[in-house]
Number of protein chains: 2
Amino acid sequence: MLARSSTVSADFPGIFTDSKPRSSAPIRIFLNEFSYKKGTEIFGEKEPADYVYQVVTGAVRSYKLLSDGRRQIGAFHLAGDIFGLEIGSDHRFTAEAIVDTTVRLMKRRSLELVAESDVTVARNLLNMTTSNLRHAEDHMLLLGRKTSLERVAAFLIEMDRRSTAAGVLALPMCRRDIADYLGLTLETVSRALSRLHDLDILGFVGNTQRQIVLRDREKLASFDLQN
Amino acid sequence: MLARSSTVSADFPGIFTDSKPRSSAPIRIFLNEFSYKKGTEIFGEKEPADYVYQVVTGAVRSYKLLSDGRRQIGAFHLAGDIFGLEIGSDHRFTAEAIVDTTVRLMKRRSLELVAESDVTVARNLLNMTTSNLRHAEDHMLLLGRKTSLERVAAFLIEMDRRSTAAGVLALPMCRRDIADYLGLTLETVSRALSRLHDLDILGFVGNTQRQIVLRDREKLASFDLQN
DNA sequence: CGGGGGCTTGAGGCCACTCAACGATAGTGG
DNA sequence: CCACTATCGTTGAGTGGCCTCAAGCCCCCG
């Protein structure tokens, strides 16, 4: 039970920022921190959505499965991101910790109650849903019409944009995750990365293949067509 | 200027239904009907989103283009559907009439004003955005992971579900539109339909290839894997 | 009747997938 | 400390599903 005394807005900025100072009596919303080991499930598709989550540290993948095991990752959630926000009663994705992850969670019901009275919170709920929608729309274009090289380039640019640290891109997810996000196989992702490496567009840091430095953002961007 | 005297809810059911009876003085919202000839643009991507649209008769496609002309259709809008609803200031898709189409339109600004005061309208905005999001999420799975036959089967099932008339599916869009919706080529779509025809799962009505009768919904559904 | 758009079908090619081998790294336990 | 194993990533060879290119049919329409 954290944040008893802190303002809510400091803890769930995506939902509460831009809110005018609220009534002197602070709204009490339960905020618990919770940790998940690498690879464990945070919630499953079609489970009731009782909580909304925010990544504190770590990374999360949200995905859907076909009955034969094919997987489509809809989004990666990094530090600060809010996920599991559903308007309907059930989750539409399964969420798993990619690495050891701690999240902050709040009762969805509490959020709804606040949204009832606070117009700003309600609008921010709409804004977050909209930004999820925008991402999904852009991703449809990628999945439906882009080549493997274009997809990988777009992925690197997206991760670079979202990354806090300038310079080195530290990818928390494995090649298979990237592949399932981009609608490819892990081998194709690996080949695309190798090709970008051969073209001196990116470099690997040390011996790990999860830390990438973008040597030529401009050339990289030329592979990610505008729309 | 229609609907001067009618209630708003009757005209924009997607936004206003489930609303409790509002104040005795009806809210005045401009409602114009407008017609577009087959193939003409209703609005373009990145244009300011001043209006929200509802299909009265006809059909509309919403799509994004890559700079080299590759196209991804994000959604088809049929009679009754609301489209062009943006939270940001600009449209994120281009919308075109697939056939001769009449739409009803309202000033977005008016809608926002109503949403400010009427919580139910605000919630319905959120619900509509959410249902767009759900569709996009499902479509990502289709585009990223399904085979051509699965995609076409899913498309037929979706159109059948949305179609008002039971029995015959009257598709307003051409094969190229279907292909750009499913991330395929028109030839692949045609081959998939032929294959379903050969399997006695569907039939064509008369000499036209746009009217389809589903002979065996169960077998069709078996091609569209659950997730 | 000629022309064009929409659709189907065939033949061939290519990009991404499949299958496989291999190296590197990290974690485990002797 | 060193096998031992499992996981992750890269790379190569070959396949296959969808794309490309092309021909031809049908229907509509001027």
Side-chain angles (χ1 to χ4, degrees), chain A residues 37-39 59 61 66 68-72 96 98-100 142-153 155-156 169-199 202-212 223, chain B residues 37-39 61 66 68-72 98-100 142-153 155 170-199 202-212 223:
Chain A
K37 285 226 174 309
K38 172 180 174 175
R61 56 180 171 249
L66 290 178
D68 63 358
R70 281 173 283 174
R71 183 177 69 157
Q72 179 63 44
E96 282 176 1
I98 296 176
V99 293
D100 289 356
L142 179 149
L143 293 171
R145 287 303 178 215
K146 291 187 181 178
T147 67
S148 64
L149 201 58
E150 290 165 352
R151 293 179 202 210
V152 171
F155 169 74
L156 291 173
L169 251 190
L171 301 177
M173 72 289 286
C174 65
R175 298 292 188 263
R176 171 168 295 281
D177 287 340
I178 300 174
D180 285 349
Y181 178 61
L182 299 178
L184 301 169
T185 60
L186 63 94
E187 293 94 333
T188 300
V189 170
S190 180
R191 280 183 242 274
L193 288 173
S194 296
R195 223 175 125 194
L196 292 173
H197 182 242
D198 293 347
L199 294 169
L202 61 82
F204 295 101
V205 176
N207 284 329
T208 161
Q209 288 100 342
R210 301 260 186 117
Q211 289 187 292
I212 290 177
F223 286 105
Chain B
K37 285 226 174 309
K38 172 180 175 175
R61 57 180 171 249
L66 290 178
D68 63 357
R70 280 173 283 174
R71 184 178 69 158
Q72 179 63 45
I98 296 177
V99 294
D100 289 355
L142 179 148
L143 293 172
R145 288 301 178 217
K146 291 188 182 178
T147 67
S148 63
L149 202 59
E150 289 165 352
R151 294 179 201 211
V152 170
F155 169 75
L171 301 178
M173 72 289 288
C174 66
R175 298 291 189 263
R176 170 169 296 281
D177 287 339
I178 300 174
D180 286 348
Y181 179 61
L182 299 178
L184 301 169
T185 61
L186 64 93
E187 292 94 333
T188 299
V189 170
S190 180
R191 280 183 243 272
L193 288 172
S194 295
R195 224 174 123 195
L196 292 173
H197 178 90
D198 293 347
L199 294 169
L202 61 82
F204 294 100
V205 177
N207 286 328
T208 162
Q209 289 99 343
R210 300 255 186 120
Q211 289 187 292
I212 290 177
F223 285 104

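Order of the sequence lines fixes the chain letters, A, B, ..., with proteins taken first and strands second; residue numbering starts at 1 for each chain.
- Rounded to a whole Å, the CD atom of B:Gln209 is 8 Å from the P atom of D:dC27.
- Listed for the B:Arg210 side chain is no donor-acceptor partner under 3.5 Å among the backbone atoms of B:Ala170.
- For B:Arg175 and D:dC19, the CZ to C1' distance is 18 Å, given to the nearest whole Å.
- Of the possible polar contacts, none joining the A:Gln211 side chain to the A:Leu169 backbone as a donor-acceptor pair under 3.5 Å is found.
- In this structure, A:Thr208 reaches neither bases nor backbone, as no heavy-atom distance under 4.0 Å exists between it and the strands shown.
- Each of A:Thr185 and A:Asn207 was assigned the nucleotide of DNA chain C with the nearest heavy atom; the assignment lying further toward the 5' end belongs to A:Thr185.
- In terms of phosphate contacts, A:Arg210 brings no side-chain nitrogen or oxygen within less than 4.0 Å of OP1 or OP2 of D:dC8.
- Contact annotation for A:Gly183: backbone-only contact, meaning every heavy-atom pair under 4.0 Å involves sugar-phosphate atoms and none involves a base.
- Taking all atoms of both residues into account, the shortest heavy-atom contact from B:Arg151 to B:Leu143 is NH2-O, 3.2 Å.
- At whole-Å resolution of the value, CG in A:Leu182 and P in C:dC15 are 19 Å apart.
- Heavy-atom nearest nucleotides on DNA chain C were determined for A:Glu187 and for A:Ser148, and the one closer to the 5' end corresponds to A:Ser148.
- In terms of modelled atom types and a separation under 3.5 Å, the side chain of B:Arg145 and the main chain of A:Arg70 share no donor-acceptor contact.
- Rounded to an integer number of Å, the gap from CG of B:Leu142 to P of D:dC18 is 12 Å.
- Side-chain proximity of A:Leu186 to the nucleotides C:dA16, D:dT10, C:dC7 is greatest for D:dT10.
- When distances run from any side-chain atom of B:Ser190 to the nucleotides D:dT10, D:dG9, C:dT9, the shortest one goes to C:dT9.
- Computed from coordinates, the A:Ile212 CD1 to D:dG9 C1' distance equals 12 Å when rounded to whole Å.
- Atom pair A:Asp68:CG and C:dT18:P shows a separation of 11 Å (rounding to whole Å applied).
- Between the side chain of B:Arg191 and the base of D:dT20, a donor-acceptor pair under 3.5 Å is found.
- Nearest-nucleotide positions on DNA chain D for A:Met173 and A:Arg145 put A:Met173 closer to the 5' end.
- A straight line from CG of A:Asp180 to P of C:dC17 spans 11 Å, rounded to a whole angstrom.
- What separates CZ of B:Phe204 from P of C:dT9 is a distance of 8 Å, to the nearest Å.
- Between B:Thr185 atom OG1 and B:Ile178 atom CD1 the span is 12.0 Å, to the nearest 0.5 Å.
- At the phosphate of D:dC18, neither OP1 nor OP2 sits under 4.0 Å from any side-chain N or O atom of B:Thr188.
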